[in-house]
Amino acid sequence: MNREELPPTAPPEDMQPDHPRGLMARFRNYFLTGLVVAGPIAITFYLTWWFVNWVDNLVRPFVPTAYRPETYLPFGLPGSGLIVAVIALTLLGFLTANLIGRTLVDLGERLLGRIPAVRAIYRGLKQVFETLFSGSGSSFRRVGLVEFPSPGMWSIVLISQPPSVEIANKLPGNEEQVSVFLPCAPNPTTGFFFYVPRSKIIEVDMSAEDAATLIMSAGVVQPGSDSQKKVAALAGMANAARVANSGSLAPAKVE
C-alpha cells in the first residue's frame, strides 16, 4: 500500500472526544439563551394574568349573582370583571361629561373638601391622575441627564413640571428651575425628587419606557437594541465559550 492509498488523516482537534466539561458549558450557554427568549414572555403573561384576576376579584362582589358567568357555566370566565370595570368607567365618564354629572361630581368634591384628612389625599391624587392621563400633559415624557450624585457622575431623570410660584420664589438664584424624578435601579417606582436648574439638564432623545427599561436592567439592555441581535450576540458568546473550552482541553504540543 503506497501513500496515496492511505485513508485521510483527521486533524487532532477533530478526533478528540467531547469532554464532560465542554458539554456542560454548552448546556449552560444554551440554557441561558433559552431563558433570555422565554423569560420576558413568561413574565409578561404572568403579570397580565395577575392583573386580570385582581380586577375580577375586585369587581365580582359588586356584580349580582344572576349576571356572573360562573352562574351559568361550569367554570369561571377570566376577564369578565375587567370587561365590567371598563364598561362601568366608560359609562361614568359619559355621565360626568353632561351637566347633571358635573353637578354631582362638584357636589361630591365639596363634601370631600370639608373632611380635613380626606381633602388633602383626594386633591393630591386627583391632580396626579389628571396630569398622568391628560393627553396634553408633558410630565415624565421627557428624559434627561443630571450630574448626580457627584461631579462627573451622570444619572437618568424624568423631567416633570416647573415648580409653583411659591416654591420658585424660595429657590436660590434667578435661573429657571425644573422638577425632576430620578428613578432607582432595579425598581424605577422608587427614587429621588428634586429641583434642578434647567441649564444643568441634558435632554436625551429617549422615551420614558426606554429609560425605565435601561434603569431596571442596570444598563444591560440599551435603548434601540434589537432583541434578535441580543439573542444572536448571546449565541455568539456561547459559541466562543465552547471554542475556548475545547481549546483549553487540547493537549499542549511538545517540541
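- Both Met206 and Trp154 are assigned to one and the same hydrophobic cluster, defined by single-linkage of ILVMFWY side chains at heavy-atom distances under 4.5 Å.
- Distance check: Phe45 CZ to Thr48 OG1 gives 7.5 Å after rounding to the nearest 0.5 Å.
- Scored by the side chain to side chain contact (heavy atoms under 4.5 Å, CB included) test, Val196 finds Val146, Val180, Phe194, Lys200, Ile201 as partners (sequence neighbours excluded).
- Donor-acceptor pairing under 3.5 Å is lacking for the side chains of Asp210 and Thr213.
- Among all heavy-atom pairs drawn from Ala211 and Ile156, the shortest one is CB-CG2, 4.1 Å.
- Considering only residues two or more places apart in sequence or on other chains, Arg60 meets the salt bridge (charged side-chain N to carboxylate O under 4.0 Å, His left out) condition with Glu70.
- The nearest pair of heavy atoms linking Thr90 to Val86 is OG1-O, 2.7 Å.
- Counting all heavy atoms, side chain and backbone alike, Gln177 lies closest to Pro163 at O-CD, 3.2 Å.
- Across every non-hydrogen atom of Ala85 and Val59, the tightest pair is CB-CG2, 3.9 Å.
- In this structure, Thr44 OG1 and Tyr46 OH are separated by 13.0 Å, a value rounded to the nearest 0.5 Å.
- There is a path of hydrophobic side-chain contacts, each under 4.5 Å, that joins Leu58 to Val52.
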Before you tell me yes or no, could you show the steps for Val143 and Val157 under side-chain contact (heavy atoms from CB on, under 4.5 Å), namely the whole-Å CA-CA distance, both residues' side-chain angles and the distance that decides it to 0.1 Å? CA-CA 6 Å; Val143 181; Val157 296; over 6 Å; no
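- Tracing side-chain contacts under 4.5 Å through hydrophobic residues (I, L, V, M, F, W, Y), one never reaches Ile83 starting from Leu92; they form parts of separate clusters.
- Rounding to the nearest 0.5 angstrom, the gap separating the CG atom in Asp205 from the CZ atom in Arg142 is 13.0 Å.
- What you find for Val63 and Arg68 is that their closest heavy atoms are O-NE, 3.0 Å.
- In terms of the side chain to side chain contact (heavy atoms under 4.5 Å, CB included) criterion, residue partners of Pro69 (sequence neighbours excluded) are, by chain and number, Leu73, Leu77, Ser80.
- A chain of hydrophobic side-chain contacts below 4.5 Å, direct or via other Ile, Leu, Val, Met, Phe, Trp or Tyr residues, connects Phe51 to Val84.
- With sequence neighbours excluded, the residues forming a side chain to side chain contact (heavy atoms under 4.5 Å, CB included) with Ser164 are Glu166, Ile167, listed by chain and number.
- Residues Leu23 and Phe27 do not share a hydrophobic cluster, clusters being chains of Ile/Leu/Val/Met/Phe/Trp/Tyr side chains in contact below 4.5 Å.
- Classified by interplanar angle (parallel below 30°, tilted 30° to 60°, perpendicular above 60°), the ring pair Phe193/Tyr195 is perpendicular.
- In this structure, the side chain of Asp56 engages the main chain of Leu82 through a donor-acceptor pair within 3.5 Å.
- For Asn174, there are no side chain to side chain donor-acceptor pair (under 3.5 Å) partners, not counting sequence neighbours.
- Residues passing the side chain to side chain contact (heavy atoms under 4.5 Å, CB included) test with Pro149 are Met153, Ser155, sequence neighbours excluded.
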